[in-house]
Structures are given as C-alpha cells and as structure tokens.
Participant: 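Provided herewith is a single structure, encoded as structure tokens, for subsequent inquiry.
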Amino acid sequence: MNLSMILPMSAFALAASISPGPVNLVCLSSGTRYPASQGLMFVTGATLGFVALFMAIGLGLYSLLIMLPVVEVLLRWGGIAFLLYLSIKLAMDSGHLPEKGSDKAPGFGTGAVMQWLNPKAWLASASGIGAYTSANDLQQITLFALLYLPICWLSLACWVYAGAFLRRFVQQPVVLVTINRTLALLLAVSCLYLVIG
C-alpha cells in the first residue's frame with residue numbers, strides 16, 4: 001500500500017477520533033475532575049478497545065452481526081443503556097472535585113468496554129473499513145488499525161487535556177455541576193438519536 005492510501009486513512013482516523021462522541025465527553029469530564037494521568041489510563045483502554053473492535057469488524061464480525069441481527073440489536077440497546085447510565089452519573093455529580101485518592105476515575109477497563117458499547121465506534125470502524133480496504137484484506141486492515149492507534153490515543157488525550165485546562169475554571173461546584181449536566185444532556189441526546197435514528 002502506498003502513501004496515497006495512508007494519508008486518506010489517517011485523515012479519516014483523525015476525523016472519527018477527535019469529533020465529539022460519548023468517549024470524548026467522558027475524557028473531557030475526566031480531565032476536569034481527575035489528574036491527567038488517570039484520564040490517560042481511560043484513553044489507553046479506549047484506544048486499545050477501539051483497535052480491537054476495528055480489527056474484529058475488519059475480520060468478519062460485522063458479517064456475523066448481519067447474519068444474526070438479534071446480536072446487533074442487543075449490542076445497540078446495551079450501548080444505549082450504558083451511555084444513559086453514564087449520563088445519569090454525570091448529571092447527579094455534586095460538582096465537588098475529589099480529594100486525592102478519594103474518588104475513582106474511569107479506568108482502563110471502562111475505556112475498553114465503552115468502545116465496544118459505543119455506536120460511534122462501530123460506525124467509524126465499519127465505514128472506514130468499507131471505504132479504505134478490500135474485504136477481509138488482513139494487511140490493509142492491520143495497517144489501518146496501526147494508523148488508528150496513535151491517532152485515536154492522541155485525539156482522546158486532547159479531550160483529557162482540554163478538561164484539565166478547564167479544571168482551573170471549575171473550582172466552584174456550581175460551575176462543574178453546570179458542565180457535568182451539559183455533558184450528561186449531550187450524552188442523553190446522543191442516546192435519543194440512536195433510538196430514533
């Protein structure tokens with residue numbers, strides 16, 4: 001594969017990774033509430049979870065889902081339920097920044113699982129593979145996944161650092177409550193879109 005395919009693949013990966021979505025919103029929220037190092041653990045899990053999903057879809061999982069539509073329905077509703085759960089947790093947050101070690105940030109495992117329940121990740125994987133690779137071509141899919149790895153990690157890390165930047169402005173609980181409820185509303189709206197869309 002030549003450079004003429006690597007550049008469009010990279011541009012697609014960047015657009016899909018950095019655009020707002022459920023995982024990006026959790027990164028932003030994590031950056032406002034916890035040290036960046038904890039947010040980056042979530043980012044690492046989300047990145048590796050996405051790459052694993054990408055490879056699985058590229059190697060035939062999407063074909064299996066077409067043959068067994070009930071599995072796709074269960075994944076969709078499971079993802080919606082998980083996103084609603086996260087939005088409720090954000091909306092109910094008190095707005096008090098945690099003392100060191102007193103509260104647990106979303107971690108590596110949460111990030112990895114969240115990608116498998118994230119409809120945006122499924123759509124980005126399926127459309128990217130369909131547009132830029134030949135069906136079941138392991139070399140092309142692997143190259144695309146290797147391009148996605150640093151691009152996705154850096155994109156999500158930007159959201160954590162954006163949250164860390166905002167942290168200095170959210171020292172008052174009322175400001176953080178407003179931000180959290182706005183993010184919770186955005187997550188809930190994305191769920192509504194998934195239900196009716």
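Nothing here was measured: the structure is a model prediction, and the numbers come from that model. Just the heavy atoms: all of them, side chains too, but no hydrogens, waters or symmetry mates, feed the values below.
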Participant: Test your reading of the model: is there a side-chain donor-acceptor pair from T133 to the backbone of I129, 3.5 Å cut-off?
Facilitator: yes
Participant: Is there side-chain contact between F50 and L149, with heavy atoms separated by less than 4.5 Å?
Facilitator: no
Participant: Residues two or more places apart in sequence or in another chain: which of them pass ring pair (Phe, Tyr, Trp, His ring centres under 6.0 Å) with F144?
Facilitator: F54, Y132, Y148
Participant: Of all residues at least two apart in sequence or in a different chain, which pass the side-chain hydrogen bond (donor to acceptor under 3.5 Å, both in side chains) check with T44?
Facilitator: W153
Participant: Return the CG to CG distance between L138 and L143, rounded to the nearest 0.5 Å.
Facilitator: 11.0 Å
Participant: Which atoms form the tightest heavy-atom contact between F12 and S127, and what is the distance?
Facilitator: CZ-OG, 3.5 Å
Participant: Restricting to ring pair (Phe, Tyr, Trp, His ring centres under 6.0 Å), what partner residues turn up for Y161, sequence neighbours left out?
Facilitator: none
Participant: Restricting to pairs with a member in residues 47-59, which pass side-chain hydrogen bond (donor to acceptor under 3.5 Å, both in side chains), not counting sequence neighbours?
Facilitator: none
Participant: Any chance you could measure T32, atom OG1, to F165, atom CZ, to the nearest 0.5 Å?
Facilitator: 13.0 Å
Participant: Whether the side chain of R33 engages the backbone of A105 through a donor-acceptor N/O pair (distance < 3.5 Å, no angle test) should be reported.
Facilitator: no
Participant: List the atom of G58, the atom of I141, and the distance in Å for their closest heavy-atom pair.
Facilitator: O-CD1, 3.1 Å
Participant: Quick one: pull up CG in L7 and CG in L147 and give me the separation to the nearest 0.5 Å.
Facilitator: 9.5 Å
Participant: Does the pair F42 and Y34 meet the rule for a side chain to side chain contact (heavy atoms under 4.5 Å, CB included), with working shown?
Facilitator: CA-CA 11 Å; F42 175 83; Y34 307 101; over 6 Å; no
Participant: Backbone N or O of V113 within a donor-acceptor pair of the N118 side chain at under 3.5 Å?
Facilitator: no
Participant: Looking only at heavy atoms, which two atoms of G39 and S30 are closest? And how far apart?
Facilitator: CA-OG, 3.6 Å
Participant: Can you sort out the partners of S19 under side-chain hydrogen bond (donor to acceptor under 3.5 Å, both in side chains), two or more places apart, ordered by chain and number?
Facilitator: K120
Participant: What's the separation between atom OG in S29 and atom CG in L25, rounded to the nearest 0.5 Å?
Facilitator: 9.0 Å
Participant: So which heavy atom on A121 is nearest to which on L53, and how close?
Facilitator: CB-CD2, 3.8 Å
Participant: Using the side-chain hydrogen bond (donor to acceptor under 3.5 Å, both in side chains) rule, collect all pairs that involve residues 52-61, keeping only residues at least two apart or in two chains.
Facilitator: none
Participant: Quick one: does V160's side chain get under 4.5 Å of L28's, heavy atoms only?
Facilitator: no
Participant: Which pair of heavy atoms, one from M114 and one from V26, lies closest together, and at what distance?
Facilitator: CE-CG2, 3.6 Å
Participant: When you measure from the side chain of S17 to the backbone N and O of L14, does any donor-acceptor pair fall under 3.5 Å?
Facilitator: no
Participant: Give the cluster check for L146 versus V43: same hydrophobic cluster or not, with ILVMFWY residues linked at side-chain heavy-atom distances below 4.5 Å.
Facilitator: no
Participant: Please round to the nearest 0.5 Å and tell me the distance separating atom CE of M9 and atom CD of Q140.
Facilitator: 6.0 Å
Participant: So do the side chains of C152 and V51 get within less than 4.5 Å of each other, counting heavy atoms only?
Facilitator: no
Participant: I need the minimum non-hydrogen distance between V23 and Q115, along with the two atoms involved.
Facilitator: CG2-OE1, 3.5 Å
